[in-house]
Every structure is written in C-alpha cells, then in structure tokens.
Colleague: 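One structure, pasted below without further comment.
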Amino acid sequence: MMKMMLPFFFILLSSLLISHSNASVVDFCVADFSVPDGPTGYACKKQAAVTADDFVHVGLGAAGNTSNIIKAAVTPAFAAQFPGVNGVGISIARLDLAKGGVIPFHTHPGASEVLVVIQGAISAGFVSSANKVYRKTLNKGDIMTFPQGLLHFQVNAGGIPAIAYVSFSSSSPGLQILDFALFANDLPTDLVKATTFLDDYQIKKLKGVLGGTG
C-alpha cells in the first residue's frame with residue numbers, strides 16, 4: 001500500500017512546488033483601478049505603468065473626522081486606497097478616537113489585526129467563539145492582536161484624544177459592524193426582536209439613530 005502511495009505523494013509534492021514557483025515569478029500586483037475588483041482582489045496593473053508612487057501612501061498623517069455619533073474615525077490604507085498592497089497580504093489603517101469615542105463591536109472576516117497605540121489610552125478587547133472576553137487597557141506603545149473573524153471593540157479610555165495604527169493580514173480585510181448589521185438596514189423589527197430579545201421601543205430607537213427602517 002505504501003509503495004502505491006509514494007508516486008502519488010511525489011506528484012502532489014511536485015505540483016505544489018511548481019505552483020509556488022509560478023506564484024513567486026510575479027514580484028507584485030499593483031491594483032488596476034480601471035477594472036472592478038473581484039473575490040481575489042484587483043487585477044494587476046501592467047508593470048510598465050507601475051511607478052514608485054504606487055508603493056507609497058500619504059493619507060495617514062492627518063487625523064480623521066471624529067464629529068459623528070461614535071466620536072471616532074478609521075482612515076484605511078487598504079487595496080482600494082493603496083494600490084501597492086494589493087495581493088501582498090497586508091494593509092494598515094489609522095484609528096482616531098475623540099474623548100468618549102468608541103469603535104463598536106465589529107469583525108474583519110478576511111484578516112487578523114494588530115493594533116499599536118500612538119497616543120492616549122484605549123480599552124480594547126475581543127470575544128472568542130467560546131464567548132470568553134479578552135480585554136485590556138492599552139497605553140502609548142502597547143500592542144494588541146485581534147484574531148480573524150472575532151468580534152472586537154476599541155474605546156477611548158483616557159481624557160485626551162487617542163490615536164492608534166492597526167495593521168491587517170490582508171490587503172482587503174473587510175468590515176462588519178454589529179450595530180449597523182442589526183439596526184442600520186431594513187431588517188424587520190419583529191425579526192430583530194426575536195433574535196436579540198430587545199423590545200420594540202429599543203429597536204425602533206436604535207433604527208432611528210442609525211438610519212434603519214422596517
């Protein structure tokens with residue numbers, strides 16, 4: 001039986017090595033914004049059209065606008081904003097939290113996250129699939145990781161605006177905010193009530209705040 005399996009094993013190993021070799025031939029895949037992105041990301045810009053500017057992003061030096069309901073702003077440098085990260089499996093964003101600011105429970109379906117605090121203090125945490133909470137107050141220079149797909153949050157825990165940079169293990173990490181998923185769309189109130197145990201008044205109030213209907 002082992003002798004019969006050996007040829008198959010070597011064929012499989014060879015195919016994997018060839019596949020890896022072919023994937024390594026292309027140094028990069030700068031996003032081509034002239035065509036829509038797909039499930040695997042943007043198409044590659046022709047290398048003759050690629051310049052050094054494609055690998056540089058200058059948008060994270062300025063604070064985001066925190067004049068909103070959550071008193072927070074996320075300024076992304078994902079593939080859609082930063083063509084040089086397309087296909088390389090990394091991206092970054094700037095997080096600004098005004099005093100009292102909060103990034104509500106949310107998830108990134110496509111990436112794990114690492115956060116480093118640059119200014120102020122941030123209370124951050126995530127909930128595992130076993131519903132265990134991992135929470136910590138982070139100060140300047142502290143780093144925390146958030147595993148892919150798990151619900152997590154960030155709250156300004158100090159008396160001054162907080163700033164952090166967050167990196168992701170994908171050029172397009174995706175984002176779904178729990179509150180918006182429940183209350184910022186046309187999901188009928190009776191279904192929200194049945195699945196969250198909230199009463200009509202609370203649901204309609206939250207839908208009104210977040211712009212939902214139904």
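Keep in mind that this is a model prediction, so the values were computed, not measured. Keep in mind that the numbers below use all heavy atoms, side chains included, and drop hydrogens, waters and symmetry copies.
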Colleague: Examine H152 together with F126 and report whether their ring centres are nearer than 6.0 Å.
Modeller: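 Ring centroids of H152 and F126 are no less than 6.0 Å from each other.
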Colleague: About how many Å separate OG of S112 and CG of L150, when rounded to the nearest 0.5 Å?
Modeller: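 One gets 8.0 Å once the value is rounded to the nearest 0.5 Å.
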Colleague: How long is the gap from CG on L175 to CZ on F180, to the nearest 0.5 Å?
Modeller: 9.0 Å
Colleague: Is the backbone of G61 close enough, under 3.5 Å, to the side chain of R94 for a donor and an acceptor to pair up by distance?
Modeller: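 Pair found, side chain donor or acceptor close to backbone of G61.
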Colleague: Of all the heavy-atom pairs spanning G59 and T75, show the shortest one and how long it is.
Modeller: O-CG2, 3.7 Å
Colleague: Sub-3.5 Å donor-acceptor pair from the side chain of N68 to the main-chain atoms of A72, do we have one?
Modeller: yes
Colleague: Among V155, D179, L151, which one satisfies side chain to side chain contact (heavy atoms under 4.5 Å, CB included) with P104?
Modeller: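 It is D179; the other options fail the test.
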Colleague: Contact between K99 and I160 at the side-chain level, heavy atoms closer than 4.5 Å - yes or no?
Modeller: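 They are not in side-chain contact.
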Colleague: Quick check: closest heavy atoms across L182 and K207, and the distance to 0.1 Å?
Modeller: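 Looking at all heavy atoms of both residues, the shortest contact is O-NZ, 4.2 Å.
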Colleague: What heavy-atom pair brings P173 and S91 nearest, and what distance separates the two atoms?
Modeller: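 Heavy-atom minimum between the residues: CD-OG, 3.9 Å.
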Colleague: Check this for me: does any side-chain nitrogen of one of K140 and D142 sit under 4.0 Å from a carboxylate oxygen of the other?
Modeller: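 Salt bridge between K140 and D142, a charged N being under 4.0 Å from a carboxylate O: no.
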Colleague: Are I122 and I92 connected in a single hydrophobic cluster, I mean Ile/Leu/Val/Met/Phe/Trp/Tyr linked by side-chain heavy atoms less than 4.5 Å apart?
Modeller: no
Colleague: Quick check: do Y42 and S171 have side-chain heavy atoms less than 4.5 Å from each other?
Modeller: no
Colleague: Taking the six-membered ring for Trp, are the ring centroids of F82 and F55 within less than 6.0 Å of each other?
Modeller: no
Colleague: Hey, does the Lys NZ or Arg CZ of K132 hover above the aromatic six-ring of Y134, less than 6.0 Å from the centre and inside 45° of the axis?
Modeller: yes
Colleague: For a side chain to side chain contact (heavy atoms under 4.5 Å, CB included) with L97, tell me which candidate from I70, T66, I103 qualifies.
Modeller: I103
Colleague: Is it true that L187 and L198 fall in one hydrophobic cluster, defined by side-chain heavy atoms closer than 4.5 Å?
Modeller: yes
Colleague: Once rounded to the nearest 0.5 Å, what's the spacing between atom OG1 of T196 and atom CG of L206?
Modeller: 9.0 Å
Colleague: Would F78 and F168 count as a close aromatic pair, with their ring centres under 6.0 Å?
Modeller: yes
Colleague: Is there a donor-acceptor pair under 3.5 Å between the side chain of N156 and the backbone N or O of A98?
Modeller: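 It does hold such a pair.
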Colleague: Which pair of heavy atoms, one from P76 and one from A93, lies closest together, and at what distance?
Modeller: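 Shortest heavy-atom contact: CA-CB, 3.8 Å.
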Colleague: If hydrophobic clusters are built from ILVMFWY residues whose side chains come within less than 4.5 Å, do V56 and V30 share one?
Modeller: no
Colleague: Contact between H106 and Q154 at the side-chain level, heavy atoms closer than 4.5 Å - yes or no?
Modeller: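 Counting from C-beta outward, H106 and Q154 do come under 4.5 Å.
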Colleague: Scan side-chain atoms only and decide if H108 and E113 contain a donor-acceptor pair under the 3.5 Å cut-off.
Modeller: yes
Colleague: As an exercise, state the distance from CZ of F105 to CD of Q176, rounded to the nearest 0.5 Å.
Modeller: 14.0 Å
Colleague: When clusters are formed by joining ILVMFWY residues with side-chain heavy atoms under 4.5 Å apart, either directly or through shared neighbours, do V50 and F33 land in the same one?
Modeller: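 Hydrophobic grouping puts V50 apart from F33.
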Colleague: Please test S123 against F153 for side chain to side chain contact (heavy atoms under 4.5 Å, CB included), starting from the C-alpha separation and ending with a verdict.
Modeller: CA-CA 8 Å; S123 177; F153 65 89; 4.3 Å; yes
Colleague: Rounded at 0.5 Å granularity, tell me how far CG in D37 sits from OG in S172.
Modeller: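 Answer for the CG-OG pair, D37 versus S172, is 6.5 Å.
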Colleague: If you look at every heavy atom in C29 and A43, which pair is closest and at what distance?
Modeller: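 Heavy atoms of C29 and A43 come nearest at SG-C, 4.1 Å.
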Colleague: To the nearest 0.5 angstrom, please state how far the CD1 atom of I118 sits from the CG atom of D96.
Modeller: 11.0 Å
Colleague: Would you say the side chain of L115 lies within less than 4.5 Å of the side chain of Y165, judging by non-hydrogen atoms?
Modeller: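 Y165 does not reach L115 side chain to side chain.
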Colleague: Taking all non-hydrogen atoms of both residues into account, name the closest pair between A77 and V85 and its distance.
Modeller: O-CG2, 4.2 Å
Colleague: Should I163 and L60 be regarded as members of a common hydrophobic cluster, given that ILVMFWY residues are connected when their side-chain heavy atoms come within less than 4.5 Å of each other, either directly or indirectly?
Modeller: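 Same cluster.
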Colleague: Between N185 (side chain only) and A181 (backbone N and O only), is there a donor and an acceptor less than 3.5 Å apart?
Modeller: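 Indeed, once roles are kept as given, a pair shorter than 3.5 Å links the two residues.
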Colleague: Does D199 come within less than 4.0 Å of K193, counting only side-chain N to carboxylate O?
Modeller: no
